[in-house]
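Values below: every heavy atom of this structure, side chains too, minus hydrogens, waters and symmetry copies. Counting from 1, the numbers follow the sequence of the chain as shown.
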Amino acid sequence: MARIYQSISQNMSQRLELRPKMLQSLHLLSLPILELELHLKQELVTNPLLELQDEEPEETEKIEETEAPETESEETGELAKALEDAAQLSEVLDQWNDYHGD
């Protein structure tokens with residue numbers, strides 16, 4: 001006679017999966033300087049959302065850090081500008097995630 005058995009089991013396991021973004025990060029970290037520069041230039045050409053910003057001399061950065069705003073209106077103006085920039089960057093990041101999430 002054939003016997004029929006029913007059983008339920010539950011297993012738990014951990015595993016590490018490298019996502020495409022993680023693989024890209026690892027690839028970029030492993031590139032030598034010249035190849036990294038070449039790769040970045042190619043990305044600038046192919047991706048219209050990217051743009052290159054010229055670096056300012058270090059002296060002007062140090063001067064800007066040491067100078068304090070003279071009035072509260074300057075502080076609020078700078079704060080408003082920083083918040084506006086953060087909002088714009090957030091929108092771009094959301095669009096980027098939407099585009100690459102699909």
Open item on the list: Please check: side-chain N/O of S90 versus main-chain N/O of A86, any donor-acceptor pairing under 3.5 Å?
Closed with: no
Open item on the list: Is it the case that atom CD1 in I33 sees more than 12 heavy atoms from other parts of the structure closer than 6.0 Å?
Closed with: no
Open item on the list: Quick check on E51: does its CD atom have over 12 non-hydrogen neighbours (other residues, nucleotides or ligands) under 6.0 Å away?
Closed with: no
[atom1]/[X] to [atom2]/[Y] distance, rounded to the nearest 0.5 angstrom?
X: E43; Y: L52; atom1: CD; atom2: CG; value: 13.5 Å
X: N47; Y: W96; atom1: CG; atom2: CH2; value: 5.0 Å
X: K21; Y: Q24; atom1: NZ; atom2: CD; value: 9.0 Å
X: E91; Y: L93; atom1: CD; atom2: CG; value: 11.0 Å
X: L23; Y: L18; atom1: CG; atom2: CG; value: 5.0 Å

Open item on the list: Strictly by salt bridge (Lys or Arg N to Asp or Glu O under 4.0 Å), give each pair with a member in residues 1-15 just once, sequence neighbours left out.
Closed with: R15-E17
TODO: Kindly write out the residues that satisfy salt bridge (Lys or Arg N to Asp or Glu O under 4.0 Å) with D94, not counting sequence neighbours, or none if the list is empty.
DONE: none
Open item on the list: So L40 and E37, do their side chains get closer than 4.5 Å, heavy atoms only?
Closed with: no
Open item on the list: Ignoring hydrogens, what is the shortest heavy-atom contact between L31 and H39? Give both atom names and the distance.
Closed with: CD1-CB, 4.2 Å
